[in-house]
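Here is the structure we will look at.
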Amino acid sequence: MKWSKYFIPTQKEAPKDAETISHKLLIRAGLIDKLASGVYTYLPLGLKVLEKVENIVREEMNNSGAIELLMPSLQPANLWKETGRLDKMGKDMIRFIDRHDREMIFGPTHEEVITDIVRRYIKSWKQLPLILYQIQTKFRDEIRPRFSIIRAREFLMKDAYSFDINEEGLDMSYNLMKETYRKIFDRCGLKCNIREAESGVIGGKFSEEFVAEGECSELEVGHIFKLGLEYSKAMKANFVDKDGKEKPIYMGCYGIGVSRIVAAIIEGNYDENGIIWPLSVAPFLVDIIPTNMGDNDILVISEKIYNDLKDNGFDIIIDERDESAGVKFKDADLCGFPYQIIVGKKIKEKKVEIKERKSKKILEIKTENIVSYFNSIIRG
RNA sequence: CGGGGCGUAGCGCAGUCCGGUUAAGCGCGCUUGGUUUGGGACCAAGAGGUCCUCGGUUCAAAUCCGAGCGCCCCGACCA
């Protein structure tokens with residue numbers, strides 16, 4: 001990607017209403033833009049990170065044997081009357097009356113919809129166990145949205161639901177998800193603590209939450225619940241067991257705030273100059289910085305490095321704006337690309353500098369060795 | 001929903017207390033020209049405003065009064 005052709009609106013100063021570090025950096029690095037309280041646009045760089053996180057979640061969920069589907073955001077309110085949660089959720093739920101006078105809601109979560117599907121399609125013990133999940137935009141009219149995308153009214157969530165024939169099965173599904181969550185957060189570069197939690201409006205008999213380390217008080221990034229028979233009984237989601245008797249399905253549900261992870265990663269990975277993305281979710285691996293756009297040697301070499309890395313499949317950007325080196329260094333640090341390739345001083349010796357964002361260490365390297373250097377770092 | 005704060009150019013702010021030639025300002029950013037080029041360069045010339053909205057007081061309102069809208073922070077709830 002060429003910087004001048006892309007869209008990265010960085011800012012020197014954080015907006016005055018930003019308090020937390022992730023909020024300030026998300027805005028300053030040009031990752032998000034606020035439209036209304038708790039409602040944000042993901043700008044190109046922010047979207048890239050969000051998608052990388054999303055893909056990690058998807059990969060690990062698929063590895064665990066869970067199966068992806070996509071349920072609608074728009075739901076009939078009637079479904080929620082079956083479980084009594086229409087009232088329980090209260091004003092957190094965004095509702096409207098459609099043109100035919102039907103009461104509709106924007107889904108804040110999907111236990112009712114998934115249970116409705118399962119009760120109609122799952123009939124036998126032979127079809128179980130089953131874990132279904134989706135990655136989807138949720139709507140919650142929070143009492144107080146805050147800290148930008150950490151508590152938004154519209155946000156991206158991965159929600160999974162497990163279905164088992166008995167309590168032992170539920171325990172196994174639950175532990176499988178717990179282990180999967182550990183892998184996901186680990187790959188995202190998040191250090192998480194697991195603690196027992198209140199089940200709140202989701203209900204069930206036991207739940208644990210994953211809390212990311214950081215200064216921000218709201219850092220819960222994942223929450224897993226043993227729902228038991230609460231929903232299956234209320235909505236009559238039954239299966240026929242080996243003994244020929246109809247029994248309610250044991251359920252669990254497992255949520256990850258995908259968009260919140262993005263903010264949580266920043267809370268745990270930054271310094272005075274900006275964000276320090278872990279390799280796994282960095283919007284670009286490398287930012288190539290020609291330090292002087294007036295020097296033809298620098299331009300030619302920079303362009304060649306860019307093409308070589310691109311041709312080898314690396315996700316990189318070149319900052320070919322007609323700006324001073326200082327501006328480019330500041331933006332590179334702020335946006336948190338893991339590596340900067342600085343093309344300048346040593347150009348006569350066919351050498352460039354590779355700076356690691358995190359350690360600030362600088363390595364001088366011959367230009368012909370750059371591709372193999374990144375091959376060894378990224379692909380072992 | 002209770003408590004606190006804020007709303008003036010894209011962003012950050014001054015001006016508001018004490019109404020009036022500061023006939024609406026500053027820094028950054030933006031445009032044009034030139035000089036620069038390793039940590040947010042410099043010079044010059046420009047563009048950019050319903051002072052959140054509506055109403056009131058007054059000869060006169062960014063400034064005073066009333067109502068409304070929006071945003072942020074603390075609390076209870078949540079991924």
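Labels below follow one simple rule: chain letters A, B, ... track the order of the sequence lines, proteins then strands, and each chain is numbered from 1. All values below come from the heavy atoms of this structure, side chains included, with hydrogens, waters and symmetry mates left out.
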If I pick the [atom1] atom on [M] and the same atom on [N], what distance separates them, to the nearest angstrom?
N     : M     : atom1 : answer
B:U63 : B:U57 : P     : 15 Å
B:C52 : B:G3  : P     : 25 Å
B:G48 : B:C30 : C1'   : 9 Å
B:C6  : B:C17 : P     : 15 Å
B:U8  : B:C13 : P     : 10 Å
B:G75 : B:U31 : P     : 43 Å
B:G70 : B:U50 : C1'   : 16 Å

Can you tell me the distance, in whole Å, between the [atom1] atom of [X] and the [atom2] atom of [N]?
X        : N     : atom1 : atom2 : result
A:Leu219 : B:C77 : CG    : P     : 17 Å
A:Leu190 : B:A79 : CG    : P     : 17 Å
A:Asp92  : B:C1  : CG    : P     : 14 Å
A:Met93  : B:C77 : CE    : P     : 19 Å
A:Glu19  : B:C72 : CD    : P     : 11 Å
A:Ile194 : B:A79 : CD1   : C1'   : 15 Å
A:Asp17  : B:C73 : CG    : C1'   : 10 Å
A:Ile27  : B:C72 : CD1   : C1'   : 12 Å

> What do the steps show when you test A:Val240 against A:Lys245 for side chain to side chain contact (heavy atoms under 4.5 Å, CB included), and what is the final call?
Replying inline: CA-CA 5 Å; A:Val240 177; A:Lys245 288 180 182 161; over 6 Å; no

The criterion is salt bridge (Lys or Arg N to Asp or Glu O under 4.0 Å); which residues satisfy it with [X], sequence neighbours excluded?
X        : answer
A:Glu54  : A:Arg58
A:Glu368 : none
A:Asp33  : none
A:Glu213 : none

Counting only pairs under 3.5 Å, give me each side-chain donor-acceptor contact of residues 168-176 of chain A, with atom names and distances, residues two or more places apart or in other chains.
from: A:Asp171; atom 1: OD1; to: A:Lys226; atom 2: NZ; distance (Å): 2.9
from: A:Ser173; atom 1: OG; to: A:Asp164; atom 2: OD1; distance (Å): 3.4
from: A:Ser173; atom 1: OG; to: A:Asp164; atom 2: OD2; distance (Å): 2.7
from: A:Ser173; atom 1: OG; to: A:Gly169; atom 2: O; distance (Å): 3.4
from: A:Tyr174; atom 1: OH; to: A:Glu208; atom 2: OE1; distance (Å): 2.7
from: A:Asn175; atom 1: ND2; to: A:Asp171; atom 2: O; distance (Å): 3.1

Can you tell me the base-pairing partner of [N]? Count Watson-Crick or G-U wobble geometry only, both distances below 3.5 Å, and say none if there is no partner.
N     : result
B:U63 : none
B:C42 : B:G34
B:G75 : B:C1
B:C6  : B:G70
B:A23 : none

> Quick one: is A:Arg144 getting a side-chain N or O under 4.0 Å of the B:A76 phosphate, OP1 or OP2?
Replying inline: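 So the side chain of A:Arg144 is outside the cut-off, no N or O lying under 4.0 Å from OP1 or OP2 of B:A76.
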
>> Whether A:Ser37 contacts B:G70 is assessed here as follows: a side-chain N or O lying under 4.0 Å from the phosphate OP1 or OP2. Is that the case?
In response: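 Indeed not, no polar side-chain atom of A:Ser37 lies that close.
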
>> Protein within reach of the bases, or only the backbone? For nucleotides 25-50 of chain B, mark each nucleotide 5' to 3' as B, S or -, using heavy atoms under 4.0 Å.
In response: --BS--------BBBBS---------

>> Could you go through A:Arg28 and A:Thr10, starting from their C-alpha distance and side-chain angles, then the distance that decides it, and tell me whether this counts as side chain to side chain contact (heavy atoms under 4.5 Å, CB included)?
In response: CA-CA 5 Å; A:Arg28 285 194 57 214; A:Thr10 58; over 6 Å; no

>> Tell me whether A:Arg379 forms a cation-pi arrangement with A:Phe314, defined as NZ or CZ under 6.0 Å from the six-membered ring centre and within 45 degrees of its axis.
In response: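 That pair qualifies as a cation-pi contact.
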
> Can you list every pair that meets salt bridge (charged side-chain N to carboxylate O under 4.0 Å, His left out) and has a residue in residues 105-120 of chain A, with sequence neighbours left out?
Replying inline: A:Glu82-A:Arg119, A:Arg85-A:Glu111, A:Arg85-A:Glu112, A:Asp116-A:Arg119, A:Asp116-A:Arg120

Taking only distance into account, with no hydrogens and no angle test, what donor-acceptor pairs under 3.5 Å do side-chain atoms of residues 181-190 of chain A form with protein atoms, sequence neighbours excluded?
from: A:Tyr181; atom 1: OH; to: A:Lys158; atom 2: NZ; distance (Å): 2.7
from: A:Tyr181; atom 1: OH; to: A:Tyr254; atom 2: O; distance (Å): 3.1
from: A:Tyr181; atom 1: OH; to: A:Gly255; atom 2: N; distance (Å): 3.1
from: A:Tyr181; atom 1: OH; to: A:Gly255; atom 2: O; distance (Å): 3.3
from: A:Arg182; atom 1: NH1; to: A:Glu179; atom 2: OE1; distance (Å): 3.0
from: A:Arg187; atom 1: NH1; to: A:Glu59; atom 2: OE1; distance (Å): 3.2
from: A:Arg187; atom 1: NH1; to: A:Glu60; atom 2: OE2; distance (Å): 2.8
from: A:Arg187; atom 1: NH2; to: A:Glu59; atom 2: OE1; distance (Å): 3.2

> Can we call the ring centroids of A:Phe96 and A:Phe106 under 6.0 Å apart?
Replying inline: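 Yes, ring centres under 6.0 Å apart.
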
>> In the structure I gave you, are the side-chain heavy atoms of A:Lys178 and A:Ile194 within less than 4.5 Å of one another anywhere?
In response: yes

Checking all strands, does [X] fall into the base, sugar-phosphate, or nothing category for heavy-atom contacts under 4.0 angstrom?
X        : value
A:Phe155 : base
A:Ala18  : nothing
A:Phe225 : sugar-phosphate
A:Lys34  : sugar-phosphate

> What's the verdict on side chain to side chain contact (heavy atoms under 4.5 Å, CB included) for A:Lys48 and A:Asp315, showing C-alpha distance, side-chain angles and the deciding distance?
Replying inline: CA-CA 11 Å; A:Lys48 281 204 81 173; A:Asp315 195 10; 2.7 Å; yes

Between the protein and nucleotides 4-7 of chain B, list every N/O to N/O distance that falls short of 3.5 Å.
from: B:C6; atom 1: O2'; to: A:Lys16; atom 2: NZ; distance (Å): 2.8

>> Under the criterion side-chain hydrogen bond (donor to acceptor under 3.5 Å, both in side chains), I'd like the reasoning laid out for A:Asp159 against A:Gln134: C-alpha separation, chi angles, the key distance, then a yes or no.
In response: CA-CA 6 Å; A:Asp159 45 324; A:Gln134 65 174 347; 3.1 Å; yes

> Is there a residue in residues 129-142 of chain A whose heavy atoms reach under 4.0 Å of RNA chain B, and which residues are they?
Replying inline: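 Under 4.0 Å from RNA chain B: A:Arg140, A:Glu142.
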
> Heavy atom of residues 250-265 of chain A under 4.0 Å from RNA chain B: which residues?
Replying inline: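 Those residues whose heavy atoms fall under 4.0 Å from RNA chain B, taken from residues 250-265 of chain A in numerical order, are A:Gly255, A:Gly257, A:Arg260.
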
> Per the side-chain contact (heavy atoms from CB on, under 4.5 Å) rule, which among A:Asp287, A:Thr291, A:Asn273 passes with A:Phe329?
Replying inline: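 Checked A:Asp287, A:Thr291, A:Asn273 against A:Phe329; only one passes side-chain contact (heavy atoms from CB on, under 4.5 Å): A:Thr291.
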
> Which pairs with one or both residues in residues 361-380 of chain A pass ring pair (Phe, Tyr, Trp, His ring centres under 6.0 Å), sequence neighbours excluded?
Replying inline: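 Pairs touching residues 361-380 of chain A that pass the test: A:Tyr339-A:Phe374.
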
